[in-house]
There are 2 protein chains.
Amino acid sequence: MVKQLSKHSISEELKELLSSVDHVQKIEKNRFLFQEGEDADQMYIIQSGRIQISKISPDGRELSLRICQKGDIIGELTLFTDDATYLLNAKVLEDAEVAVIKKDYLERELLTNTELAFEYMKWMSEHFRKTQTKFRDLVLHGKKGALYSTLIRLTNSYGIKRPDDILIDIALTNQELANFCGTSRESVNRMLSDLKRKEVLELDKNKNKIIIKDLQYLKDEINCENCPIVLCSID
Amino acid sequence: MVKQLSKHSISEELKELLSSVDHVQKIEKNRFLFQEGEDADQMYIIQSGRIQISKISPDGRELSLRICQKGDIIGELTLFTDDATYLLNAKVLEDAEVAVIKKDYLERELLTNTELAFEYMKWMSEHFRKTQTKFRDLVLHGKKGALYSTLIRLTNSYGIKRPDDILIDIALTNQELANFCGTSRESVNRMLSDLKRKEVLELDKNKNKIIIKDLQYLKDEINCENCPIVLCSID
DNA sequence: GTGACGGTGTGACTTTTATCACACCATTAT
DNA sequence: ATAATGGTGTGATAAAAGTCACACCGTCAC
């Protein structure tokens, strides 16, 4: 049987503790859980489905930051800030259920529940390291590096190991990939064609999914230092 | 009298609480407080001087992330991780004194002292938002955007308001600026010449410092949304 | 079926950015 | 005083990336 690579690092305890949720909300594909500028008074934990976090710049360009699934926390940036509006957009990629946690409730909880606070700090810390290494790749190795890094992260988060290759089990258009890299659709398309030619990957045509055949090639190209896999994911 | 723009957001309480320091360490210019890969078991709060945080990639290129001064916390990434080595380098730009806080001591403290934990979470949260907006600028508007964003942040952190302009009171070479932008020395040099020609800034020749004459121009070019100044700094 | 739609793939061209090379200061060391 | 050093400024050229244009291909609605 196939096995998903991704290791979700949010601890059982944290999930447990956070489970004092206000309620659970269902939301369907292509809708927004929240959008930039909206009043922000809650945080979410995904129960099912997939949600993409992105920033849209005034000139219309979109920068995608994460794709999140079961167990991931989103809306976390609203915590501990007085300027309580969302800074990012959360678009639902696949019908989702999210557990809603009220911001002020959680803040109060964190003030009294030491263990929760500790677990939360731990999560935040890891989340920070993850974000920073991600951006580092984006800046340091040009657009090619940005794409390769994104592919590696997608593999770690959504890869399904198969005998001879790894299927990235999430359908993304070239444009969506480009948004992760801060580049253009055409550039991504050309780079993917290139990688196909080099037999680094294949495209599962009718399903819009990518199959990685030579992960090491991608890693070598961006001087991947084989950081802990938990730091090298897309969520 | 001139006035420094920078608002350091680390709360008095946090400084107070963190002040249960192990000891204070002096370290002089051009030395490293810590380097990538070294064992990490302490965190620092800068008392005086300036320290630059950067990542050096295996191929020798350097990406600068922050320049920190009095009141700033560094080495914070080592907290809550088992892989206890530093991920970044901390180079002393100007002779410094740092308060040393032992990692395991602080972790234990955070587990018992709720108020400290709360303040620390607050700081971390803001630090995270700051880092994210910084990288966003770097990725979204090309190298020019990266430089402009860096200049704006330097202005916010190290700018001294004067009658007709703002002096960025820190000496940086073109190469050092380039390291913040993930670009080349020559590119930075050309872009600066350009800005000089457009009368957006001036170079204080003999002191290697930059004088901003038209901050708004820089902001307009990168679609600055005038986020809270505390988020838009270089530290 | 067929037409609209959203996505891919690619050529041609432009703009941006990097790289190489070298002249030209200041400053510092000898 | 002179040489070495480290930084700046700039031209020439090459490489990377973006933009525009358009053909092509499935899928879906009607």
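All chains are named by letter (A, B, ...) in the order of the sequence lines, taking the proteins before the strands, and each is independently numbered beginning at 1. As a basis for the values below, the full set of heavy atoms in this structure was taken, side chains included, without hydrogen atoms, waters or symmetry mates.
Whole-Å rounding puts the A/Asn174 CG to D/dG18 C1' distance at 15 Å. For A/Glu176 and C/dG6, the CD to P distance is 14 Å, given to the nearest whole Å. Between B/Asn179 atom CG and D/dG7 atom P the separation is 11 Å, expressed in whole Å. Taking atom CG on B/Leu203 and atom C1' on C/dC25, their separation rounds to 15 Å, with Å as the unit. The CG atom of A/Leu172 sits 15 Å away from the C1' atom of C/dT8 (whole-angstrom rounding). As a whole-Å value, the separation of B/Ile210 CD1 from D/dG7 C1' is 14 Å. In this structure, B/Gln175 places its CD atom 16 Å from C1' of D/dT5, rounding to the nearest Å. Between B/Asp194 atom CG and C/dT15 atom P there is a gap of 15 Å when expressed in whole angstrom units.
Nearest heavy atoms, B/Leu231 versus B/Thr133: O-OG1, 3.6 Å. Residue A/Phe180 comes nearest to A/Arg66 through the heavy atom pair CE2-N, 3.9 Å, listed as atom of the first residue, atom of the second, then distance. Annotation for A/Ile222 and A/Tyr148: closest pair CG2-CB, 3.9 Å, computed over non-hydrogen atoms. In this structure, B/Leu172 and B/Leu177 approach most closely via the heavy-atom pair CD1-CD2, 4.2 Å. Shown here for A/Leu203 and A/Lys196, the closest heavy-atom pair between the two residues is CD1-NZ, 3.9 Å.
Residue A/Thr173 places no side-chain N or O under 4.0 Å from the OP1 or OP2 atom of C/dG6. Checking the phosphate oxygens (OP1, OP2) of C/dG9, a side-chain nitrogen or oxygen of A/Asn189 falls inside 4.0 Å.
No side-chain heavy atom of A/Asn223 sits under 4.5 Å from any side-chain heavy atom of A/Leu140. Two residues are said to be in side-chain contact when any heavy atoms from C-beta on lie closer than 4.5 Å; B/Leu201 and B/Lys213 fail this criterion. The closest side-chain heavy-atom distance from B/Leu33 to B/Tyr44 is below 4.5 Å.
Ionic pairing of A/Arg190 and A/Asp194 is not present here: no N-O contact between side-chain nitrogen and carboxylate oxygen is shorter than 4.0 angstrom.
Within residues 52-60 of chain A, no residue has any heavy atom closer than 4.0 Å to DNA chain D.
When atom types are taken as modelled, the side chain of B/Thr173 and the backbone of B/Glu176 share a donor-acceptor pair closer than 3.5 angstrom. A donor-acceptor pair under 3.5 Å is absent between the side-chain atoms of B/Asn156 and the main chain of B/Ile229, judged by distance alone.
Note on residues 143-160 of chain A: pairs passing salt bridge (charged side-chain N to carboxylate O under 4.0 Å, His left out), not counting sequence neighbours, are A/Asp137-A/Arg153. Pairs of residues two or more places apart, or lying in two chains, that qualify as side-chain hydrogen bond (donor to acceptor under 3.5 Å, both in side chains) and include a residue from residues 85-96 of chain B are B/Arg50-B/Glu94.
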Measure all distances between protein nitrogen or oxygen atoms and nitrogen or oxygen atoms of nucleotides 15-17 of chain D, and list the pairs falling under 3.5 Å.
from: D/dA17; atom 1: OP1; to: A/Lys143; atom 2: N; distance (Å): 2.7

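Summary of helix geometry: the two end axes of the helix from C/dG1-D/dC30 to C/dT30-D/dA1, each defined by five base pairs via their C1' atoms, are inclined to each other by 30° (rounded to 10°).
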Tell me, for nucleotides 20-26 of chain D in 5' to 3' order, what letter each nucleotide earns: B for a base near a protein heavy atom under 4.0 Å, S for only sugar-phosphate near one, - for neither? BB-----
List the steps, then state whether side chain to side chain contact (heavy atoms under 4.5 Å, CB included) holds for B/Phe34 with B/Thr78. CA-CA 12 Å; B/Phe34 53 80; B/Thr78 71; over 6 Å; no
